[in-house]
Amino acid sequence: MQAVCKTEDIGEESAREFMVGEQSVIVVKFDGQFHAYLNWCPHLGIELNFIPDQFMDDDGRFLVCANHGALFEPENGACLSGPCSGDSLTAVPLDVRDGEIWVGNAEATA
Ligand code: FES
């Protein structure tokens, strides 16, 4: 695993992206908890965002894919609506140690 940032670097209901090895990983804080997913949309296998660190919808409730508008639950990565509905983001191991966020590697699914 590698340290990517401090916990205070990610605000409530916001997300940031980090390179972990060769992988772009989204770290999202929602409801006081941190979660990490590959920045890889299950619809077409491309990154979710066009703008750096722009992943949340306007209400700060869902992660959104900028390509075709799929919405994902921040808590578990499940796609609730959009072309990949029923599919989900690939979870990435995450650990909080001494105020730092550590992220591991996940196997890409494609
Ligand atoms: S690539 Fe994400 S919804 Fe189409």
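Reckoned from all heavy atoms, side chains included, excluding hydrogens, waters and symmetry mates. One-based numbering, in listed order, for ligands and for the atoms of each.
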message: Any non-hydrogen side-chain atom of L94 less than 4.5 Å from a side-chain atom of H35?
response: no
message: Under 2.8 Å from atom 2 (Fe) of ligand 1, which protein N, O or S atoms do you find? Ignore water molecules.
response: C41 SG, C65 SG
task: Answer yes or no: are there more than 12 heavy-atom neighbours, outside E22 itself, under 6.0 Å from its atom CD?
output: no
query: Do side-chain atoms of D87 reach the backbone of C84 as a donor and acceptor pair under 3.5 angstrom?
result: no
message: Could you check whether any side-chain N or O of N49 sits under 3.5 Å from a backbone N or O of I51, counting only pairs where one atom can act as donor and the other as acceptor?
response: yes
message: Pair T7, V96 - check side-chain contact (heavy atoms from CB on, under 4.5 Å), show working.
response: CA-CA 8 Å; T7 53; V96 177; 3.7 Å; yes
task: Would you check, one step at a time, whether the test side-chain contact (heavy atoms from CB on, under 4.5 Å) holds for E75 with D31?
output: CA-CA 9 Å; E75 303 97 317; D31 211 11; 5.8 Å; no
